[in-house]
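In what follows, a single structure is set out as structure tokens and then discussed.
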Amino acid sequence: MNLKDKYIDFFEQHGHKVIPSAPIIPENDPTCLFNTAGMQPLVPYLKGQPHPLGNRLCDVQKCFRTNDLDEVGDTTHHTFFEMLGNWSLGDYFKNESIHWSYEFLTKVLNIPVEKLAVTVFAGNDVVEADHESAEIWKSLGIKEERIAYLGVEDNWWGPAGETGPCGPDTEIFYWRSTDPVPVQFDTNDDRWVEIWNNVFMQCEKHQDGSFTPLKQKNVDTGMGVERTTAILEGVNDNYESSIWKPIISKIEEVSHLKYEGENKRPMRIIADHIRAIVMISGDEAQIYPSNKDQGYILRRLIRRMIRYARNLNIDMQSDFDQVLANMIIDDYKKYYPELEKNKDHILDILASEKKKFSRTLEKGLREFEKIVEHLDTNVLPDEFAFKLYDTYGFPIELTMELAHEKGLSVNKEGFDELFKKHQEKSRAGSTAKFKGGLASDGEIETKYHTATHLLNAALKVVLGSDVHQRGSNITSERMRFDFSCDHKLTPEEKEQVENLVNEWIQEGLEVRVETMSKEEALKIGAEAMFIEKYPDMVTVYFIGDVSKELCGGPHVKNTKELGHFKIKKEEASSAGVRRIKAVLE
Ligand code: SER
């Protein structure tokens with residue numbers, strides 16, 4: 001059994017329900033590009049909303065952190081990673097949490113207690129010093145010398161964004177070295193590596209920086225799969241663990257090179273990026289490479305991977321990328337079945353982005369070499385950085401990396417300036433086009449946004465007022481809407497919903513927005529997904545008198561602008577949740 005299976009098995013035996021990983025692209029949080037921690041999708045439940053599966057949960061969560069992207073290439077960094085987590089939603093607290101962590105580490109993973117050390121919270125004016133956790137650790141055999149009290153910088157976790165659930169934590173460290181284990185735990189000695197974080201999530205941080213106690217005391221733990229697997233297997237380079245071995249071997253095979261010396265870095269980058277590419281493009285959100293948001297990250301990952309594959313002389317005409325992607329899909333589909341389901345999408349994206357970029361990469365690199373040769377400063381001219389982007393499709397970060405390798409710097413502000421100017425020009429162009437009958441992307445998405453509100457309202461009319469939105473996702477091609485409903489829609493119901501939305505569109509209903517207090521919004525019965533996630537003052541969008549919904553916008557001014565609404569698909573999303581895919585034609 002691998003670490004993930006052992007973990008899930010253990011917590012299931014201790015009364016936890018296994019929840020599927022939430023999508024890597026957060027469903028209801030446009031302020032956040034990716035899920036960065038296991039707890040992120042659970043915020044409403046940590047704040048007191050009852051979870052349908054009860055108050056003890058565990059999972060393996062797909063996570064992605066963009067801040068590590070440029071670090072990838074060393075022995076420890078990854079963009080995509082998996083986080084194991086177990087949660088108590090107002091159920092057990094410190095005692096069980098620490099006992100089970102200890103039991104899992106020492107009895108299931110057979111880690112000798114001598115190799116463990118822990119930190120606990122030293123206390124501040126919000127929460128007092130955590131002697132309770134220290135005592136529990138001691139009762140389990142962790143010596144006093146192996147317990148360090150640390151402050152907010154080290155032993156306080158969260159919130160994940162600016163506001164939300166957070167609390168003190170106790171972190172567990174492992175002696176990752178063949179050197180003898182010192183008696184005294186030195187938190188500055190990096191041979192002690194953190195393997196598990198148990199957060200006692202009991203506070204909520206507010207916009208003004210203040211803290212209040214949460215309705216309930218929660219436990220939120222997180223363990224990184226890659227790091228812990230490497231540790232357990234006794235390797236110092238994560239990429240030498242069983243997680244990465246087959247992928248690295250395949251890269252060795254297609255490049256006819258060995259994983260050694262200076263080949264290591266490009267090989268690690270390819271391995272990390274291909275997995276992240278599969279996970280992002282395989283997510284239900286159906287992301288495409290683009291120049292913004294998640295699409296841009298996906299593009300950067302693919303293009304950076306291709307650049308490093310070229311450095312290893314991998315044949316660009318070969319299907320190395322497809323072979324690697326297929327390996328990842330096969331490896332992970334047991335945990336994330338959407339990968340199998342979206343396999344064609346993943347492979348298509350990869351093929352077309354590779355085709356697009358490998359055509360211009362060579363030319364761009366040649367031009368780069370030429371310019372660099374004749375440069376008499378150590379700063380790459382802004383116009384050239386922009387040309388690499390605009391003509392050859394080099395993400396600015398890639399250009400910065402290339403420049404850095406030559407000891408040059410790039411003036412990012414100068415590039416941004418040119419980028420902005422260019423955008424203004426093309427925006428003016430697309431407005432002109434719109435007048436000629438073609439909408440730009442932003443306008444299409446705005447229309448879908450308004451259509452989402454209409455669909456939400458129509459479902460309530462047809463199926464009953466207890467139908468609620470569970471998620472939504474919009475691209476310029478379609479809208480997707482998840483809602484609570486216990487049955488497959490009949491053809492009549494589907495038709496009714498579709499007709500109703502189209503009727504409202506034809507009626508030319510006015511869309512208006514009002515700002516009011518959250519209480520007021522609740523009082524007038526405005527629809528909201530996670531009311532507690534909203535600030536005290538909210539904006540409510542009204543569409544004629546058929547819909548009122550808390551929302552940040554933007555929306556069209558009049559429903560007439562939407563055209564014709566058509567449901568393309570109605571299917572199950574998860575237990576008790578149905579999914580509609582629809583288009584505006
Ligand atoms: N939220 C904590 C972390 O990300 C524990 O899961 O480390």
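Order of listing sets the numbers, starting from 1, for every ligand and every atom in it. Since the model is a prediction, treat every value here as computed from it, not as a measurement.
Taking the six-membered ring where tryptophan is involved, the planes of F10 and H14 are tilted, since the angle between them lies from 30° to 60°. Between H449 and H453, the ring-plane angle classifies as perpendicular under the 30° and 60° cut-offs. Taking the six-membered ring where tryptophan is involved, the planes of F173 and F185 are tilted, since the angle between them lies from 30° to 60°.
Pairing each heavy atom of H345 with each of Y288, the nearest pair is CE1-CZ, 3.4 Å.
Protein residues with a heavy atom under 4.0 Å from ligand 1 are A37, M39, M83, W157, N197, V199, D220, T221, G222.
Counting only residues at least two apart or on different chains, the ring pair (Phe, Tyr, Trp, His ring centres under 6.0 Å) pairs with a member in residues 52-73 are F34-F64.
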| field | Stepwise ring-ring contact (aromatic ring centres under 6.0 Å, His included) check, W100 with Y92 | value | CA-CA 11 Å; W100 288 334; Y92 60 84; 4.8 Å; yes
